[in-house]
Colleague: 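Got a structure for you, questions after.
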There are 2 protein chains.
Amino acid sequence: MASVMTAMQPLEHIMEELERADGLGALQAASEALCDHYGIDHVVYHWVDSAGDQYGCGTYSNAWRARYLEQNYLRVDPVILGCFQRFHPVDWKRLDWSSKAAKAFQAEAITHGVGNQGFSVPIRGPNGQFALFTVNHSCNDAWWADWTEAHRRDLILIAHYFNEKALEFEPERTPEQSQALSPREVDAMTLLAMGYSRAQVADTLSISEHTLRVYIESARFKLGAMNTTHAVARAMSRGLIVV
Amino acid sequence: MASVMTAMQPLEHIMEELERADGLGALQAASEALCDHYGIDHVVYHWVDSAGDQYGCGTYSNAWRARYLEQNYLRVDPVILGCFQRFHPVDWKRLDWSSKAAKAFQAEAITHGVGNQGFSVPIRGPNGQFALFTVNHSCNDAWWADWTEAHRRDLILIAHYFNEKALEFEPERTPEQSQALSPREVDAMTLLAMGYSRAQVADTLSISEHTLRVYIESARFKLGAMNTTHAVARAMSRGLIVV
DNA sequence: TTTTCACTCCCCAGAAATAGTGAGGAGGCG
DNA sequence: CGCCTCCTCACTATTTCTGGGGAGTGAAAA
């Protein structure tokens, strides 16, 4: 249980390497180092971006990665689907593998060298960023249960550092931080995001609907949005409004 | 630097208590225990929910909490605004305190016993859940820098556990994940959030605009939204779509 | 002091979204 | 085998939003 608290030099060394990492290659190297350190088959970091864009690094075979992307397994993979609704790290056994697609997916994964046991830590960043840190191994249930229990805390922390570095190295994936909205514009966007119509927003803010329109338009302009819905979506994803 | 890795019995004890916690009171107790353990002024967990709903526990005075809620400081607090855009834990000094509102807010916080130094860990869960774990103290910059550097890893981990427990105890705060959107509905919401008009979305999805409308309406119904903008906002804040 | 910016108000025509119906086929699940 | 959800298409009338204009105040920044 107390693994995080006990001295474990090689892990400490890997963590320090990770903190000093200055490129995506370092994450790949860290994945491999972690595999060696723990004596497990695979360590993988998988960033699942906005429009189904993906980025990852880790020790899965290139063939399996290619196949995964090519088949768009993103929309089938129970690990992705399950972790997206969770906060807790999760053992793969607790996911829903019942669908036909999931079973086929699993079978194919195993033929590509993916182990039967897995443990994934969901990680979330700003603007809806989502990633998974996964450790994977081929072994029996009891051994895996002991191992994951023993290293749970380490894995949470390592997952956090992986994501921290990935965000750092890929700033273009969390794009421009545009100019801020004026208070009135924030009010307008916020109320619109809450489902109020323009008339209701104007009424709530005690201004004419014409005036409100000016705010919406200027907010739309500042956010580079094509319409109100777009503007609200951008304001939300940039954290300019909290709804 | 290696604090997480070194034996530190009292912290270990607190963490184990936290893991066994079975109610919100336990988080409050853990906050106080952490204050004692570290010898700092405040430890606070603050859940900032979708609709501006808030829940928190920690060692701030009741007067300050009441004031914060009453004044709706959520929309002013640079800690909230800054952390919402970040993944890294952040020292309060690195936030933007330049606005007049922020300065007034800070001054008032200090009169309510909040320390001049702060360090906050942003945490995100499913469905757009967002929370902050903050440690706060009154001291000079050098001491604080040393302290936060020394305990950074612990704090990340403790923040994770606080949120894990908070999510566990408050399932009703992430309720209406019940109604997932169908794939087509997700497509529609996503493209609308990207600024496409209905005609463009229909074209992109290669369906008639009439069909598209059915998706938008059913999505709106499932999300309990009053209009398209509202539906998109809800879908985003619940993490159903990623833009 | 000048200039910029946020805030407020107004008109109009055309484009877009919404509300109320309707119906048929494909596929999964008990 | 029904039952269900999902996907697809259609019509009409009404409401709401958008994109062009223009104009005045006050506060803050340059």
Side-chain angles (χ1 to χ4, degrees), chain A residues 75-76 81 96-104 178-235 240-241, chain B residues 75-76 98-104 178-235 240:
Chain A
R75 313 247 176 230
V76 174
L81 300 176
D96 177 18
W97 296 91
S98 62
S99 85
K100 214 165 55 181
K103 287 197 177 76
S178 60
Q179 53 180 320
L181 300 178
S182 78
R184 268 330 215 188
E185 286 158 358
V186 172
D187 292 342
M189 291 293 108
T190 303
L191 291 167
L192 288 170
M194 287 165 55
Y196 289 38
S197 72
R198 291 207 310 202
Q200 289 174 310
V201 173
D203 197 51
T204 305
L205 296 179
S206 303
I207 56 178
S208 77
E209 196 178 328
H210 311 282
T211 303
L212 175 73
R213 255 184 47 201
V214 178
Y215 297 144
I216 299 176
E217 275 179 54
S218 71
R220 211 173 47 222
F221 181 73
K222 286 181 181 174
L223 295 166
M226 339 198 46
N227 54 44
T228 302
T229 299
H230 194 195
V232 169
R234 289 205 156 178
L240 301 174
I241 63 175
Chain B
R75 313 237 179 239
V76 175
S98 62
S99 84
K100 212 166 57 178
K103 288 198 177 74
S178 47
Q179 289 269 348
L181 299 179
S182 77
R184 270 326 216 189
E185 286 159 359
V186 171
D187 292 340
M189 290 293 107
T190 303
L191 291 168
L192 287 170
M194 288 164 57
Y196 289 36
S197 71
R198 290 207 308 204
Q200 289 174 309
V201 173
D203 198 50
T204 305
L205 297 179
S206 303
I207 57 177
S208 77
E209 197 177 329
H210 308 282
T211 303
L212 175 72
R213 249 183 47 199
V214 178
Y215 297 144
I216 298 176
E217 274 179 56
S218 70
R220 210 172 53 220
F221 181 73
K222 285 180 181 174
L223 295 166
M226 343 198 42
N227 54 44
T228 301
T229 300
H230 194 197
V232 169
R234 289 204 156 179
L240 300 175

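Note that this is a predicted model, so its numbers are computed, not measured. Just so it is clear: chains get the letters A, B, ... in the order the sequence lines come, proteins before strands, and each one is counted from 1.
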Colleague: Show the nearest heavy-atom pair for residues B:Tyr215 and B:Ile207, with the distance to one decimal.
Modeller: CE1-CD1, 3.5 Å

Colleague: Is any side-chain nitrogen or oxygen of B:Thr211 closer than 4.0 Å to OP1 or OP2 of D:dC9?
Modeller: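 Checking D:dC9 against B:Thr211, a side-chain N or O does come within under 4.0 Å of OP1 or OP2.
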
Colleague: Please report, rounded to the nearest Å, how far the P atom of D:dC6 is from the CE atom of B:Met189.
Modeller: 14 Å

Colleague: Does A:Arg213 come within less than 4.0 Å of A:Glu209, counting only side-chain N to carboxylate O?
Modeller: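 Salt bridge between A:Arg213 and A:Glu209, a charged N being under 4.0 Å from a carboxylate O: no.
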
Colleague: Does a nitrogen or oxygen in the side chain of B:Thr228 sit under 4.0 Å from OP1 or OP2 of C:dA17?
Modeller: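 The answer is no; no side-chain N or O of B:Thr228 sits under 4.0 Å from OP1 or OP2.
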
Colleague: Starting at CD of A:Glu209 and ending at P of D:dT16, how long is that distance when rounded to a whole Å?
Modeller: 8 Å

Colleague: Return whichever of B:Asn227 or B:Ile207 has its heavy-atom-nearest nucleotide of DNA chain D closer to the 5' end.
Modeller: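 Its nucleotide being nearer the 5' end, the pick is B:Ile207.
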
Colleague: Hey, does the side chain of A:Arg213 come within less than 4.0 Å of C:dT8's phosphate (OP1/OP2), counting only N and O?
Modeller: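 Answer no for this pair, as no side-chain N or O of A:Arg213 is under 4.0 Å from OP1 or OP2.
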
Colleague: What integer distance in Å separates A:Phe221:CZ from D:dG20:P?
Modeller: 12 Å

Colleague: How would you label the contact of B:Arg184 with the nucleic acid (heavy atoms, under 4.0 Å): base, sugar-phosphate, or nothing?
Modeller: sugar-phosphate

Colleague: Does a side-chain N or O of A:Lys222 approach OP1 or OP2 of C:dA6 to a distance below 4.0 Å, or not?
Modeller: yes

Colleague: Without decimals, in angstroms, what is the distance between A:Ile216 CD1 and D:dT18 C1'?
Modeller: 10 Å

Colleague: Just N and O in the side chain of B:Arg198: are any of them under 4.0 Å from OP1 or OP2 of C:dA17?
Modeller: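 Answer is yes, contact under 4.0 Å.
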
Colleague: Any side-chain N or O of B:Ser197 below 4.0 angstrom from OP1/OP2 of C:dA17?
Modeller: no

Colleague: Can you tell me the distance, in whole Å, between the CE atom of A:Met226 and the C1' atom of C:dA16?
Modeller: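 Rounding to the nearest Å, CE of A:Met226 and C1' of C:dA16 are 14 Å apart.
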
Colleague: Using whole Å, what does the distance between atom P of nucleotide C:dA16 and atom CG of B:Leu192 come to?
Modeller: 14 Å

Colleague: Kindly indicate, with the supporting measurements, whether the criterion side chain to side chain donor-acceptor pair (under 3.5 Å) is fulfilled by A:Thr228 and B:Thr229.
Modeller: CA-CA 7 Å; A:Thr228 302; B:Thr229 300; 5.9 Å; no

Colleague: First locate atom CG of A:Leu181, then atom CZ of A:Arg184, and finally report the distance between them rounded to the nearest 0.5 Å.
Modeller: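 These two atoms lie 14.0 Å from each other.
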
Colleague: OP1 or OP2 of C:dC7 versus the side-chain N and O atoms of A:Ser182: is any pair under 4.0 Å?
Modeller: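 Answer yes for this pair, as a side-chain N or O of A:Ser182 is under 4.0 Å from OP1 or OP2.
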
Colleague: Which atom names give the shortest non-hydrogen contact between A:Ala233 and B:Val232, and what distance separates them?
Modeller: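 Looking at all heavy atoms of both residues, the shortest contact is CB-CG1, 4.3 Å.
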
Colleague: Can you tell me if B:Tyr215 touches the phosphate of D:dT8, counting only side-chain N or O atoms and a distance under 4.0 Å to OP1 or OP2?
Modeller: yes

Colleague: Nearest heavy atom decides the nucleotide; on that basis, is B:Val214 or B:Thr229 closer to the 5' end of DNA chain C?
Modeller: B:Thr229

Colleague: Output the rounded distance in Å from CD (A:Gln200) to C1' (D:dC17).
Modeller: 14 Å

Colleague: Between B:His210 (NE2) and C:dG20 (P), how many Å, whole number?
Modeller: 19 Å

